[in-house]
Amino acid sequence: MIIGVPKESLHQEHRVGLTPDAAAHLHRLGHTIVVQHDAGLGARFSNHEYEQAGAQIVYSAEEAYRRADLVTRIGTMSSVELDLLKPGSVICSFHHMAVASNALVAGLVEREITAVSYELIEDAAGNRPILAPFSEMAGMLAVHLAGYYLQNDSGGRGILLGNVPGIAPPNVVILGAGIAGRTAACHAKAAGARVVVVDTDMAKLRTVSSRCGGQVATANASLEPLENYTASADVLIGAVLIPGARAPILVTEEMVEGMRRGSVIVDLSIDQGGCVETSRPTSLDQPTFIVHDVVHYCVPNMTANVARTASKALTRAVLPQLVSLAERGTGGAAAADPHLAAGVVMYEGNLVHAQVAAAHGLPFVELRSLLAGAGA
């Protein structure tokens with residue numbers, strides 16, 4: 001199989017969809033790897049390293065897409081890239097297709113694309129092994145960034161995200177007790193903040209409490225008004241995830257207006273639409289904006305700022321699935337592995353993920369029926 005690695009087109013996207021080590025592994029298995037010139041440069045992987053790994057360097061995005069049977073990338077696709085796709089090809093990425101534009105989804109359908117969404121691939125326990133390291137990195141970065149934007153010269157309240165003797169520590173409120181929320185909670189507590197994690201899932205809240213040594217407060221969102229926490233927050237971290245669907249709006253504009261002046265919101269859910277009504281996507285070079293005197297950080301690809309770590313984390317998590325897709329094809333790989341099949345949102349132009357289909361008002365088709373019809 002020919003595997004393409006294009007240079008990411010999203011503004012300030014420094015990550016790459018395949019590292020040289022992974023390219024070497026796939027090359028040893030007999031697959032052809034074509035890498036767009038300088039695709040890995042933002043993550044400090046040189047063209048020479050890819051060539052040493054057995055990859056071929058190509059000099060345009062069009063060639064990286066047109067030659068490939070399978071494309072591995074990391075960021076969401078742009079409408080410009082639609083015209084570069086080879087009809088019938090397989091595109092592996094963090095697609096976040098529930099919040100993609102209708103035009104982009106229609107273009108993928110028209111070209112009979114198969115789309116594998118990394119964020120939806122599961123393991124035997126129902127966890128998401130490819131999304132997990134990115135959630136952990138996002139949780140770590142959220143606390144680091146919140147501390148920076150609390151400073152006066154960043155528009156914040158002039159508060160140290162730490163514990164100074166004789167001064168009450170800052171209040172950090174975290175919405176969501178998944179991996180990102182749990183990681184953020186433990187890091188914020190380690191920094192010296194007073195932390196409360198809000199969720200509806202008591203099992204997850206117990207896990208957060210245990211992982212953080214019982215040093216963070218937890219609250220059941222279905223029993224207590226969220227306004228009780230947002231009004232006193234110096235930092236609000238949104239870490240809400242509904243796999244495959246748009247994130248729910250939990251924090252209204254009215255609640256934002258009621259927050260402390262100079263407080264900070266870090267909306268980690270922004271890649272799925274955001275969980276704060278006033279959130280809108282920003283970029284690494286213009287990461288924040290202010291609404292009602294509250295600083296908002298809403299960068300969907302925030303781990304692009306730690307591109308080398310993020311690229312390595314992606315490749316190490318996804319390589320087994322890429323090997324399976326390359327060796328068996330999508331139909332064979334999905335039929336053999338239901339956990340990989342969970343990540344297939346579009347198969348040969350058919351939307352096979354119910355929530356994504358509903359989000360775009362398009363027909364939903366069961367993947368297994370398509371695989372059975374193909375004799376997979």
Side-chain angles (χ1 to χ4, degrees), residues 12 14 133-198 208 211-213 215-218 229-240 251 255-256 259-271 274-276 278-310:
Q12 293 288 303
H14 308 298
F134 287 85
S135 297
E136 290 169 342
M137 286 186 284
M140 296 177 199
L141 286 169
V143 176
H144 168 76
L145 291 163
Y148 175 78
Y149 288 110
L150 278 174
Q151 296 176 152
N152 286 90
D153 61 359
S154 300
R157 286 172 56 77
I159 292 176
L160 178 67
L161 187 54
N163 191 354
V164 178
I167 301 173
N171 294 323
V172 175
V173 176
I174 299 171
L175 308 181
I179 293 175
R182 181 173 72 224
T183 304
C186 292
H187 278 72
K189 185 61 189 176
R194 182 189 292 120
V195 181
V196 59
V197 182
V198 185
V208 168
R211 294 285 180 88
C212 298
Q215 298 300 303
V216 303
T218 56
Y229 299 99
T230 58
S232 63
D234 297 300
V235 173
L236 175 68
I237 297 174
V240 180
V251 179
M255 293 162 69
V256 173
M259 292 177 66
R260 293 172 168 175
R261 305 305 90 184
S263 55
V264 174
I265 292 173
V266 180
D267 195 344
L268 300 181
S269 304
I270 194 65
D271 55 4
C275 65
V276 179
T278 48
S279 291
R280 57 176 170 79
T282 57
S283 59
L284 287 174
D285 58 348
Q286 294 183 324
T288 63
F289 60 91
I290 296 176
V291 176
H292 300 307
D293 211 12
V294 175
V295 180
H296 292 58
Y297 179 96
C298 306
V299 179
N301 63 326
M302 64 189 301
T303 61
N305 225 12
V306 286
R308 189 173 178 89
T309 298

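Please read these numbers as outputs of a predicted model, since none were measured by experiment.
Annotation: the span from Arg157 atom CZ to Asp293 atom CG amounts to 10.0 Å, rounded to 0.5 Å. In this structure, the separation between CZ on Arg308 and NE2 on His14 is 15.0 Å, given to the nearest 0.5 Å. Separating the CG atom in Asn301 from the CZ atom in Phe134 is a distance of 11.0 Å, to the nearest 0.5 Å. Between Thr303 atom OG1 and Leu284 atom CG the span is 9.0 Å, to the nearest 0.5 Å. Residue Ile265 holds its CD1 atom at 6.0 Å from OG of Ser279, rounded to the nearest 0.5 Å.
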Would you be so kind as to tabulate the donor-acceptor pairs closer than 3.5 Å made by side chains of residues 142-152, with sequence neighbours excluded?
| unit_1 | atom_1 | unit_2 | atom_2 | d |
| --- | --- | --- | --- | --- |
| Gln151 | NE2 | Tyr148 | O | 3.4 |

Identify all side-chain donor-acceptor contacts of residues 161-181 below 3.5 Å with residues at least two apart in sequence or on another chain.
| unit_1 | atom_1 | unit_2 | atom_2 | d |
| --- | --- | --- | --- | --- |
| Asn171 | OD1 | Arg194 | NH1 | 2.6 |
| Asn171 | ND2 | Ser232 | O | 3.0 |

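Residues His296 and Val291 have side chains in contact (heavy-atom distance under 4.5 Å, counting atoms from C-beta outward). Between Gln12 and Val299, every side-chain heavy-atom pair lies at or beyond the 4.5 Å cut-off.
Residues passing the side-chain contact (heavy atoms from CB on, under 4.5 Å) test with Ala138 are Leu268, Met302, sequence neighbours excluded.
Looking only at distances, a side-chain donor or acceptor of Thr282 sits under 3.5 Å from a matching main-chain atom of Cys298. A donor-acceptor pair under 3.5 Å is absent between the side-chain atoms of Arg260 and the main chain of Ala233, judged by distance alone. Looking only at distances, a side-chain donor or acceptor of Ser269 sits under 3.5 Å from a matching main-chain atom of Val240.
At a cut-off of 3.5 Å, with distance as the only test, no side-chain donor of His292 or Thr278 sits close to an acceptor on the other residue.
Considering every non-hydrogen atom in both Val195 and Lys189, the closest pair reads CG2-N, 3.7 Å. Pairing each heavy atom of Met137 with each of Thr309, the nearest pair is SD-CG2, 3.8 Å. Closest heavy-atom contact between Gly156 and Val295: N-CG2, 4.4 Å.
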